[in-house]
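Down below is the structure, laid out as structure tokens.
These numbers come from a predicted model, not from an experiment.
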Amino acid sequence: MAVARLLLGRHFAAGNGAVILVILRLLFGALGAEGASSFSFTNACQHPVWVGALHGASSPPLALSGFYLPPSSTSRLAAPSSGSWSGTFWARTGCAVDSATGRFSCATADCGTGDVACDGRGPAAPVSLVEVTLAAPGSGGQDFYDVSLVDGFNVPVRVAPSGGGGDCLPAACAGDVNAMCPSDLRVVAASGGGSGVIACQSACNAYGTARYCCTGQYGTPAACGPTNYSQVFKSACPAAYSYAYDDASSTFTCSGASSYDVTFCPGT
């Protein structure tokens with residue numbers, strides 16, 4: 001996850017600084033005594049979505065790894081009750097069961113299991129991702145969260161903490177990137193499956209070069225800045241990751257939030 005690269009530092013002067021540090025630890029410890037107990041998912045789109053959930057390699061799976069979410073509905077998943085946790089959430093669109101094979105698949109962000117459950121598999125790009133890292137309950141640590149377009153875009157999405165202390169601002173990509181997607185990055189609905197642009201690839205997905213993927217000689221923040229392609233994503237969604245090293249304006253923190261609320265097609 002992109003948030004794993006962020007290193008936060010706090011510097012306090014001698015004397016009063018030590019007292020302030022103790023007070024802050026006590027404050028954030030109290031706010032984060034329980035930690036997030038749930039994730040909520042709301043579909044504000046005009047069409048159904050199929051939510052996907054993937055836990056990090058060292059984190060336990062949630063109760064569901066995929067489920068149907070009709071328009072104007074909300075569903076919840078319990079967060080782990082102990083230990084830190086990291087994972088990603090996304091919306092799949094244009095999903096159906098093939099009458100000949102019985103396999104379930106989606107036009108965007110399919111996880112390739114042939115079923116509604118993703119069972120430990122991530123989405124196919126392009127996809128708008130919500131990334132969350134929760135501090136262990138009672139640790140007083142900070143949660144990190146973001147919306148990432150590093151793997152492209154399929155639907156607008158927002159993630160917002162409920163309660164908590166610190167900045168605790170929403171992270172979102174509420175703009176319709178599909179409407180301004182460069183022609184060479186567009187994913188168009190297959191024949192018979194609808195019409196128009198259904199997703200927008202990242203330049204890394206489309207071309208696979210080191211420059212666009214921030215790999216090889218471009219594998220550091222200093223060497224891999226924004227490109228004309230990533231700036232299209234950034235102009236539509238200023239608070240979302242537009243490329244791999246877009247940390248400064250795209251990573252959010254909160255301490256002691258009771259839940260994280262994910263909304264698909266949140267509007268402005």
Side-chain angles (χ1 to χ4, degrees), residues 1-8 28 31-43 49-67 69 74-92 109 111 118 120-123 127-151 153-174 237 239-242 244 246-247 249-264 266:
M1 291 177 63
V3 293
R5 293 192 303 273
L6 185 65
L7 300 176
L8 297 179
F28 286 120
L31 289 171
E34 297 299 330
S37 60
S38 67
F39 303 102
S40 75
F41 303 88
T42 299
N43 183 9
V49 299
W50 286 257
V51 178
L54 176 65
H55 58 285
S58 60
S59 298
L62 302 179
L64 293 174
S65 62
F67 56 92
L69 193 63
T74 297
S75 185
R76 287 188 175 271
L77 285 177
S81 58
S82 63
S84 59
W85 186 88
S86 68
T88 57
F89 305 109
W90 66 96
R92 293 167 284 173
C111 55
C118 286
R121 298 186 65 167
V127 58
S128 314
L129 283 177
V130 169
E131 303 178 313
V132 180
T133 297
L134 301 179
S139 69
Q142 289 184 313
D143 300 337
F144 296 83
Y145 54 99
D146 66 78
V147 170
S148 174
L149 307 183
V150 173
D151 291 314
F153 172 96
N154 66 331
V155 297
V157 65
R158 178 181 68 218
V159 56
S162 179
D167 291 335
C168 298
L169 298 172
C173 177
C237 297
Y241 269 85
S242 60
D246 192 14
D247 298 86
S249 61
S250 307
T251 299
F252 295 76
T253 61
C254 187
S255 294
S258 60
S259 68
Y260 281 88
D261 306 322
V262 177
T263 303
F264 301 107

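Between S259 and F39, every side-chain heavy-atom pair lies at or beyond the 4.5 Å cut-off. With contacts defined as side-chain heavy-atom distances shorter than 4.5 Å, the pair L62/F89 qualifies. Within the 4.5 Å cutoff, side-chain heavy atoms of V147 are placed close to those of V159. In this structure the side chain of T42 never reaches within 4.5 angstrom of the side chain of V262, judged on heavy atoms. C118 places a side-chain heavy atom less than 4.5 Å from the side chain of W90. Residues P156 and S128 form no side-chain contact, since every pair of their non-hydrogen atoms from C-beta on lies 4.5 Å or further apart. You'll find the side chain of Y145 stays beyond 4.5 Å of the side chain of L134, heavy atoms only. Between C173 and R158 there is no side-chain heavy-atom pair separated by less than 4.5 Å.
Taking the six-membered ring for Trp and the full ring otherwise, the centers of F252 and F144 sit at least 6.0 Å from each other.
With hydrogens and angles disregarded, a donor-acceptor distance shorter than 3.5 Å links the side chain of S37 to the backbone of S258. The main-chain N or O of C111 is never found under 3.5 Å from a side-chain atom of R92 such that the two would form a donor-acceptor pair. Judged by distance alone, with hydrogens and angles left aside, the side-chain atoms of S250 form a donor-acceptor pair with the main-chain N or O of D246 at under 3.5 Å. Side-chain N or O atoms of S65 include none that pairs as donor or acceptor with a backbone N or O of G120 at under 3.5 Å.
Judged as a side-chain contact (heavy atoms from CB on, under 4.5 Å), and not counting sequence neighbours, the contacts of A91 are V49, V155, F264.
Between A135 and S139 the shortest heavy-atom distance is CB-OG, 3.7 Å. Counting all heavy atoms, side chain and backbone alike, A174 lies closest to C237 at N-SG, 4.1 Å. The minimum heavy-atom distance between E131 and S148, with the atom names listed, is OE1-CB, 3.8 Å. Nearest heavy atoms, G163 versus C254: O-SG, 3.8 Å. The two atoms that bring D261 and S40 nearest to each other are OD1-OG, 2.7 Å, heavy atoms only. Of all heavy-atom pairs between L129 and P123, the closest is CD2-CG, 4.0 Å.
Atom-to-atom distance recorded for L54:CG and T88:OG1 is 4.5 Å, nearest 0.5 angstrom. From T133, atom OG1 reaches atom CG of D143 across 8.5 Å, with rounding to the nearest 0.5 Å. Atom CG in D146 sits 8.5 Å away from atom CG in D247 (nearest 0.5 Å). One finds the OG atom of S58 at 11.0 Å from the CH2 atom of W85 (value rounded to the nearest 0.5 Å).
Using bins of under 30°, 30° to 60° and over 60° for the plane-to-plane angle, the ring pair F41/F67 lands in the perpendicular bin.
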